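Each remark here refers to the structure printed beneath this line.
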Number of protein chains: 2
Amino acid sequence: MKTRDKILLASLELFNERGERNVTTNHIAAHLAISPGNLYYHFRNKSDIIYEIFLEYEKLVDFYLDIPEDRSLTLEDLTFYLESVFDGLWSYRFFHRDLEYLLDSDNRLRRDYRDFTNRCLGSIRLIFEKMAEAGIIEPQPVDLRTAMSLNVWLVITNWMAFLKTAHAAEDSNNLTLTELKQGIYQVLTLEIPYLTPAYREQVMALREQYRPSLPA
Amino acid sequence: MKTRDKILLASLELFNERGERNVTTNHIAAHLAISPGNLYYHFRNKSDIIYEIFLEYEKLVDFYLDIPEDRSLTLEDLTFYLESVFDGLWSYRFFHRDLEYLLDSDNRLRRDYRDFTNRCLGSIRLIFEKMAEAGIIEPQPVDLRTAMSLNVWLVITNWMAFLKTAHAAEDSNNLTLTELKQGIYQVLTLEIPYLTPAYREQVMALREQYRPSLPA
DNA sequence: GACTCACTAGAGTATATACTCTAATAATAG
DNA sequence: CTATTATTAGAGTATATACTCTAGTGAGTC
């Protein structure tokens with residue numbers, strides 16, 4: 001593997017493990033047993049590394065949330081979207097942790113992330129529309145759909161922070177992907193009141209699969 | 001005012017303005033035109049300052065969210081709770097920004113914050129119960145109420161981060177309390193499907209007061 | 001075999017950061 | 001007034017951090 005790619009991979013790994021704030025460029029170089037000079041040959045600075053990782057993350061999520069327009073949406077699709085988005089959050093989990101600082105230090109990232117958010121919100125809205133078309137949920141006025149999509153986004157992107165801050169005992173690093181995916185339970189909670197009788201039971205059963213094992 | 005209190009006040013102000021990560025103890029001392037030595041006479045370290053500020057925040061929110069058991073809940077109460085919580089979030093807005101890092105650096109804070117979260121979740125659940133008792137919303141099974149309370153908490157505590165990362169153009173510092181309180185619109189969105197016919201219109205009108213002026 | 005060029009090592013640097021130490025001054029108690 | 005205690009200044013320190021600079025190395029090309 002190319003050194004450049006190794007740097008990106010190691011950075012992501014260390015960022016996820018210890019948090020971006022606690023990982024220096026020297027740490028990354030040491031972890032790879034390369035020199036700092038070598039690292040700085042491949043990247044102008046730390047922000048550049050983070051920006052590149054963001055581009056990967058963005059590409060992944062954009063790929064998952066590419067909603068096909070030509071066919072109607074099934075419950076399997078919905079499950080796939082939810083699972084995929086939480087997989088993405090997991091793989092790049094350092095990112096949302098220090099988001100505000102990262103955006104403050106890199107305007108290019110700020111702009112791209114804002115667009116990314118809006119694209120995600122658009123996809124969520126579209127999923128709601130197609131769920132209504134498919135008869136899974138009752139159709140709702142556009143205003144409500146927009147506000148609901150935003151709430152879904154808030155729950156999805158901040159579920160991990162909640163787990164890390166409210167749940168974990170002494171350190172926040174023993175979080176598992178399984179626990180993270182209990183966020184799907186929370187997201188589906190938002191949709192309960194809008195389910196059609198035809199699909200109610202199926203969706204409730206789906207939701208049940210993600211119920212947290214230990215109640216808070 | 002005592003130097004100790006001035007340090008706490010200046011720290012809070014600087015943290016809110018620039019983010020905890022960008023504010024050093026030397027900055028705080030310089031801002032107050034006192035020596036670093038003086039600052040360290042009053043506080044053992046930076047974590048201690050942050051912990052003290054958290055205790056204030058905690059006290060404030062606990063005070064606001066002290067739900068009276070002996071009388072039923074009105075819409076005015078609900079408005080008060082929502083307004084107060086967002087006021088608190090505003091006054092201590094640095095806190096949720098770097099939350100994970102702060103908790104990782106201070107186990108005492110981690111424990112206290114976890115308890116604080118659970119108390120808040122309890123209060124939200126209680127508010128839901130009392131709203132049902134008052135006939136504002138339909139009563140719901142306890143499981144659903146718990147999951148809903150958690151979603152409310154997620155929306156409340158992360159609304160600001162959303163505004164700062166997705167909304168603001170070039171820097172995230174031009175956020176106003178008014179914009180922050182549009183979070184109330186999002187919170188009330190969660191409750192719409194559960195409103196009783198008797199209160200539906202009133203709550204919808206209340207929600208309307210917080211509608212964002214410019215749609216995203 | 002000289003030359004190029006992508007790549008790498010590793011020492012080094014300017015700056016920042018959290019925090020310490022000593023000495024001095026103000027406030028207070030007896 | 002004196003002794004003690006609380007408070008403050010300000011220089012200083014150890015360490016960390018992002019990043020630079022110079023001197024290569026090694027694989028391929030003509």
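Within every chain, numbering begins at 1; the chains are lettered A, B, ... in the order of the sequence lines, protein sequences first and strands thereafter. Since this is a predicted model, take the numbers as computed values, not measurements.
Taking side-chain N and O atoms only, B:Y40 has no distance below 4.0 Å to OP1 or OP2 of C:dT20. Contact annotation: A:H42 reaches the phosphate of C:dT8 (side-chain N/O to OP1 or OP2, under 4.0 Å). A sub-4.0 Å separation between OP1 or OP2 of C:dA6 and a side-chain N or O of A:K2 is absent. For B:N26 and C:dT17, the shortest distance from a side-chain N or O to OP1 or OP2 is not below 4.0 Å.
Remark: P of C:dC19 and CD1 of B:I7 are 14 Å apart, rounded to the nearest angstrom. Between A:N22 atom CG and D:dA16 atom P the separation is 13 Å, expressed in whole Å. Atom CG of A:L39 is separated from atom P of C:dA6 by 19 Å (rounded to the nearest Å). Regarding B:Y41, its OH atom lies at a distance of 12 Å from the C1' atom of C:dA26, rounded to whole Å. One can place NE2 of A:H27 at 12 Å from C1' of D:dT15, the figure rounded to the nearest angstrom. The CG atom of A:N38 sits 9 Å away from the P atom of C:dC7 (whole-angstrom rounding). The CZ-P distance, from A:F43 to D:dT20, rounds to 15 Å in whole Å. Look at CZ on A:R21: it is 13 Å from C1' on D:dT17, rounded to the nearest Å.
Paired with B:Y57 under the rule ring-ring contact (aromatic ring centres under 6.0 Å, His included), one option of B:Y64, B:W90, B:Y92, B:F94 passes, and it is B:Y92.
Checking A:D77 against A:T74 by side-chain atom types alone, a donor-acceptor pair falls below 3.5 Å. There is no side-chain donor-acceptor pair under 3.5 Å between A:T165 and B:Y113. Side-chain contact, B:Y51 with B:D112: a donor N or O sits under 3.5 Å from an acceptor N or O.
Here the side chain of A:P36 is nearest to one of C:dA18, D:dT8, C:dG10, namely C:dG10. Checking D:dT7, C:dC19, C:dA9 against every side-chain atom of A:S35, the shortest atom distance belongs to C:dA9. Listed nucleotides: C:dC19, D:dC19, D:dT8. Nearest to the side chain of B:N45: C:dC19. The side chain of A:T3 sits closest to C:dC7 out of C:dC7, D:dC19, C:dT17.
The existence of a salt bridge linking A:E20 and A:R93 is excluded, since no basic side-chain nitrogen approaches an acidic carboxylate oxygen closer than 4.0 Å.
Note on A:I34: only backbone sugar-phosphate atoms sit closer than 4.0 angstrom, heavy atoms only; bases stay farther off. Looking at heavy-atom distances under 4.0 Å, B:A33 makes contact with sugar-phosphate atoms alone, never a base.
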